Amino acid sequence: MTDTSVPQQQTAAFPTLADIEAARQTIAGVARVTPMETSQFLAELLGSPVHLKCENLQRTGAYKVRGAYNRLAALSPDQRAAGVVAASAGNHAQGVALAARELGIPATIFTPVGVALPKLQATRHYGADVVLRGHSVEEALSAAKDFAARTGAVFIPPFDHPDVIAGQGTLGLEIIDQVPDVDTVVVPIGGGGVIAGIALAVKGMAERLGREIRVVGVQAENAAAYPSSIRAGQPVTITTKPTISDGIAVARPGELNFPIIRDHVDEIVTVSDDDTARALLVLLERAKLVVEAAGAVGVAAIMSGAVRDTGRTVVLLSGGNIDPLMMERVITRGLVAASRYIGIRIMLPDRPGQLARVAQVISDAGANVVEVLHTRHGQGLVINEVALDLSIEARGPEHAQEVIQRLHEVGFRPELLEH
């Protein structure tokens with residue numbers, strides 16, 4: 001994904017704590033106060049209590065409706081009559097569509113042609129006119145801005161506007177209400193709207209209460225624009241690489257978000273896609289929560305050790321809009337990353353009974369074969385030799401190593417394969 005920020009005038013005012021408190025009143029009745037759950041598993045890893053702010057259970061499945069509604073509610077009657085337009089491949093589209101429906105404002109959303117079907121259907125269900133344009137967010141964004149210039153519709157940016165930041169900041173107020181003694185808040189970062197709002201809110205409340213609260217941001221390592229921008233002292237554009245955390249794959253920090261994050265966020269860390277896949281699996285299995293990859297990076301940061309123990313910690317699960325097909329792939333990746341799904345290759349003499357011997361050893365070790373490829377045709381094979389590729393379910397790293405050791409003990413020479 002790419003740069004979706006909207007340049008702000010240098011005089012653009014940062015939202016204040018009062019603005020965020022006013023935003024909470026504005027969005028009341030539209031955005032839900034989402035649950036705060038605890039996680040014993042993560043607490044044992046971190047060494048302090050861990051709470052999960054479940055914004056994946058928000059209306060539209062993500063926090064975006066907060067900022068979108070706060071922005072749309074501030075429009076004048078003439079602006080409302082002209083309608084709004086946005087560009088998004090996911091959560092921002094649904095947030096704007098729902099907010100527009102609630103306020104009776106016509107909404108047009110431009111999305112790339114390849115947008116996930118569930119997100120496309122949900123956005124249309126909320127009443128927006130969805131236009132498929134281009135094959136990237138950049139092309140959809142350009143089309144949305146052209147539409148705004150041509151029709152007079154108000155362009156609604158995903159993160160780079162004071163009203164949007166204030167709306168997202170209502171999450172910070174809820175966190176303080178639900179966990180008054182919080183020491184650290186961990187938040188995903190894409191363009192920076194939600195962490196900017198949360199940081200302003202919790203830092204403002206901490207000052208009012210006479211205490212300190214740390215704010216830690218988390219980015220996908222393949223789309224981490226903030227660390228290099230912080231080092232440069234200004235927003236810089238990076239080249240993003242593919243990542244499962246596509247919801248936070250933004251190539252350039254928001255112009256208004258950047259100075260807020262620079263001045264109010266204590267630390268920014270990154271996580272790998274494997275870290276995130278493992279986190280999604282843990283959230284499914286242990287917390288029974290469906291979370292999209294971008295929404296799980298805070299949990300990934302705790303599991304990977306990127307976030308250190310500084311006391312009672314709240315992690316924002318920022319969204320739950322994951323395509324079922326993507327979920328299947330991510331779960332598989334998580335199983336592989338956790339050594340619960342391994343691939344091995346064994347070279348065998350081409351004679352009857354060898355496959356049965358291998359299967360028996362694996363069965364005796366308590367593992368399960370889920371896929372088999374048995375071939376005489378391949379590079380490196382000699383006459384009277386076959387290659388046996390197996391996909392195996394195991395219970396974790398120790399069990400996977402036990403299976404491989406059992407195969408060695410009976411004379412086989414398994415090699416691990418990358419999935």
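The structure displayed is predicted, hence computed values, not measured ones.
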Novice: Would you find more than 12 non-hydrogen atoms of other residues, nucleotides or ligands less than 6.0 Å from R211 atom CZ?
Specialist: yes
Novice: Tell me, yes or no, whether the heavy-atom count around R345 atom CZ, taken from other residues, nucleotides or ligands under 6.0 Å, exceeds 12.
Specialist: no
Novice: What's the separation between atom CD1 in I404 and atom CD1 in I362, rounded to the nearest 0.5 Å?
Specialist: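 CD1 of I362 is found 10.0 Å from CD1 of I404.
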Novice: Quick one: list whatever passes side-chain contact (heavy atoms from CB on, under 4.5 Å) with E174, sequence neighbours left out.
Specialist: V33, T34, K53, R66, Q178
Novice: V291 and side-chain contact (heavy atoms from CB on, under 4.5 Å): which single residue from V297, L57, V282, L283 fits?
Specialist: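 In the set V297, L57, V282, L283, the residue that makes a side-chain contact (heavy atoms from CB on, under 4.5 Å) with V291 is L283.
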Novice: State whether the number of non-hydrogen atoms from other residues, nucleotides or ligands found under 6.0 Å of H125 atom NE2 is greater than 12.
Specialist: no
Novice: Closer than 3.5 angstrom, by distance alone: can the side chain of H264 be matched with the main-chain N or O of V215 as a donor-acceptor pair?
Specialist: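 Not a single qualifying donor-acceptor pair exists.
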Novice: Considering non-hydrogen atoms only, spot the tightest contact between L103 and R80 and give its length.
Specialist: CD2-NH1, 4.0 Å
Novice: Without hydrogens or angle criteria, can the side chains of E292 and N91 be said to hold a donor-acceptor pair below 3.5 Å?
Specialist: yes
Novice: Taking N70 for the side chain and D163 for the main chain, is one N or O donor matched with an acceptor at less than 3.5 Å?
Specialist: yes
Novice: Are E285 and K288 ion-paired here, with the side-chain N under 4.0 Å from a carboxylate O?
Specialist: no
Novice: For the CG atom of L317 and the CG atom of N56, what is their distance to the nearest 0.5 Å?
Specialist: 5.5 Å
Novice: Do T310 and D183 pass the side chain to side chain donor-acceptor pair (under 3.5 Å) test, and can you show the C-alpha distance, the side-chain angles, and the key distance before you say yes or no?
Specialist: CA-CA 7 Å; T310 55; D183 296 300; over 6 Å; no
Novice: Nearest heavy-atom pair of T26 and A73: which atoms, and what distance?
Specialist: CG2-CB, 3.6 Å
Novice: Would the distance check show the side chain of D146 and the main-chain N or O of A143 forming a donor-acceptor pair, the cut-off being under 3.5 Å?
Specialist: no
Novice: Before giving the answer on side-chain contact (heavy atoms from CB on, under 4.5 Å), spell out for V50 and V314 the whole-Å C-alpha distance, their side-chain angles and the decisive distance to 0.1 Å.
Specialist: CA-CA 6 Å; V50 175; V314 171; over 6 Å; no
Novice: Side-chain contact test, heavy atoms from C-beta onward, threshold under 4.5 Å: evaluate it for L17 versus L200 and give yes or no.
Specialist: no
Novice: Return the minimal non-hydrogen interatomic distance between V299 and V315, and the atom names on each side.
Specialist: N-CG1, 3.7 Å
Novice: Please find the pair of heavy atoms, one from I248 and one from A220, that lie closest to each other, and give the distance.
Specialist: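 Taking every non-hydrogen atom into account, CD1-N, 3.9 Å.
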Novice: How long is the gap from CG on L46 to CD1 on I302, to the nearest 0.5 Å?
Specialist: 5.0 Å
Novice: Could you go through R406 and E402, starting from their C-alpha distance and side-chain angles, then the distance that decides it, and tell me whether this counts as salt bridge (charged side-chain N to carboxylate O under 4.0 Å, His left out)?
Specialist: CA-CA 6 Å; R406 293 277 193 96; E402 178 188 343; 3.2 Å; yes
Novice: Are V182 and T313 packed together at the side-chain level, in the sense that at least one heavy-atom pair is separated by less than 4.5 angstrom?
Specialist: no
Novice: List, one per line, each side-chain donor-acceptor pair under 3.5 Å for residues 148-155, sequence neighbours excluded.
Specialist:
residue: T151; atom: OG1; partner: F147; partner atom: O; Å: 2.7
residue: T151; atom: OG1; partner: A153; partner atom: N; Å: 3.2

Novice: For residues M347 and R413, determine if any side-chain heavy atom of one lies less than 4.5 Å from a side-chain heavy atom of the other.
Specialist: no
Novice: Side chains of D389 and L417, heavy atoms from C-beta outward: is any pair under 4.5 Å?
Specialist: yes
Novice: Going from CD1 on I156 to NE2 on H92, what distance comes out if it is rounded to the nearest 0.5 angstrom?
Specialist: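 The NE2 atom of H92 is 7.0 Å from CD1 of I156, to the nearest 0.5 Å.
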Novice: From L289 CG over to R286 CZ, what is the distance, rounded to the nearest 0.5 angstrom?
Specialist: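 These two atoms lie 13.5 Å from each other.
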Novice: Between S229 (side chain) and V236 (backbone), is there a donor-acceptor pair under 3.5 Å?
Specialist: yes
Novice: Please list, chain by chain and in numerical order, all residues satisfying side-chain contact (heavy atoms from CB on, under 4.5 Å) with P242, sequence neighbours excluded.
Specialist: none
Novice: Are Q401 and E398 close enough that a side-chain donor and a side-chain acceptor fall under 3.5 Å?
Specialist: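 Not at all, the side chains of Q401 and E398 share no donor-acceptor pair under 3.5 Å.
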Novice: Do the non-hydrogen side-chain atoms of P235 and R252 ever get within less than 4.5 Å of each other?
Specialist: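 The answer is yes; the side chains approach within 4.5 Å.
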Novice: Would a distance-only check, ignoring hydrogens and angles, find a side-chain to backbone donor-acceptor pair under 3.5 Å from S142 to E138?
Specialist: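 Not a single qualifying donor-acceptor pair exists.
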Novice: Would D266 and R214 count as a salt bridge (charged side-chain N to carboxylate O under 4.0 Å, His left out) here? Give the steps.
Specialist: CA-CA 6 Å; D266 298 278; R214 295 180 71 247; 5.1 Å; no
Novice: May I have the step-by-step check of side-chain contact (heavy atoms from CB on, under 4.5 Å) for D181 and V179, ending in yes or no?
Specialist: CA-CA 6 Å; D181 55 346; V179 188; 3.7 Å; yes
Novice: Would a distance-only check, ignoring hydrogens and angles, find a side-chain to backbone donor-acceptor pair under 3.5 Å from K64 to A93?
Specialist: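 A pair under 3.5 Å: no.
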Novice: Looking at A225 and A251, what are the two nearest heavy atoms and their distance?
Specialist: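 Looking at all heavy atoms of both residues, the closest pair is CB-O, 3.6 Å.
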Novice: Search all heavy atoms of N257 against all heavy atoms of G191 and return the closest pair with its distance.
Specialist: OD1-O, 3.4 Å
Novice: Any sub-3.5 Å donor-acceptor pair from Q219's side-chain atoms to T270's backbone N or O?
Specialist: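 Judged by distance alone, no pair lies under 3.5 Å.
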Novice: Under a 4.0 Å N-O cut-off, is there an ion pair linking E267 with R308?
Specialist: yes
Novice: Can you tell me if Q58 uses its side chain to pair, donor with acceptor, with the backbone of R32 under 3.5 Å?
Specialist: yes
Novice: Does a donor on one side chain and an acceptor on the other come within less than 3.5 Å for T276 and D273?
Specialist: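 No, because no side-chain N or O of T276 sits under 3.5 Å from a partner of the opposite role on D273.
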Novice: Taking side chain as C-beta onward, heavy atoms only, is I198 less than 4.5 Å from Q168?
Specialist: no
Novice: Should P162 and F14 count as side-chain neighbours, where that means a heavy-atom distance under 4.5 Å?
Specialist: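 Side chain of P162 against side chain of F14, heavy atoms only: no contact under 4.5 Å found.
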Novice: Looking at CG of L98 and OH of Y126, how far apart are the two atoms once the value is rounded to the nearest 0.5 Å?
Specialist: 6.0 Å
Novice: Using a 3.5 Å distance criterion without hydrogens, assess whether the side chain of S363 forms a donor-acceptor pair with backbone atoms of A359.
Specialist: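 No; judged by distance alone, with no hydrogens or angles, the pair does not exist.
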Novice: Given the rule in the salt bridge (charged side-chain N to carboxylate O under 4.0 Å, His left out) test, do R133 and E139 qualify, once you have shown the distances and angles that lead to the verdict?
Specialist: CA-CA 7 Å; R133 186 64 54 84; E139 292 174 277; over 6 Å; no
Novice: Any side-chain heavy-atom pair from R395 and R340 closer than 4.5 angstrom?
Specialist: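 They are not in side-chain contact.
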Novice: What verdict does the side-chain contact (heavy atoms from CB on, under 4.5 Å) test give for V84 and L72, after you've listed the backbone C-alpha separation in whole Å, the side-chain angles of each residue and the deciding distance to 0.1 Å?
Specialist: CA-CA 8 Å; V84 297; L72 268 62; 4.2 Å; yes
Novice: Please walk me through it: do L388 and L373 pass side-chain contact (heavy atoms from CB on, under 4.5 Å)?
Specialist: CA-CA 6 Å; L388 180 66; L373 174 63; over 6 Å; no
Novice: Flag yes if more than 12 heavy atoms outside E212 fall under 6.0 Å of its CD atom; otherwise flag no.
Specialist: no
Novice: If you count every heavy atom of other residues, nucleotides or ligands that lies below 6.0 Å from H135 atom NE2, does the total exceed 12?
Specialist: no
Novice: Could you check whether R208 pairs with E21 (Lys NZ or Arg NE/NH1/NH2 to Asp/Glu carboxylate O, under 4.0 Å)?
Specialist: yes
Novice: Taking the side chain from R59 and the backbone from V30, do they hold a donor-acceptor pair closer than 3.5 Å?
Specialist: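 Here the side-chain-to-backbone pair exists.
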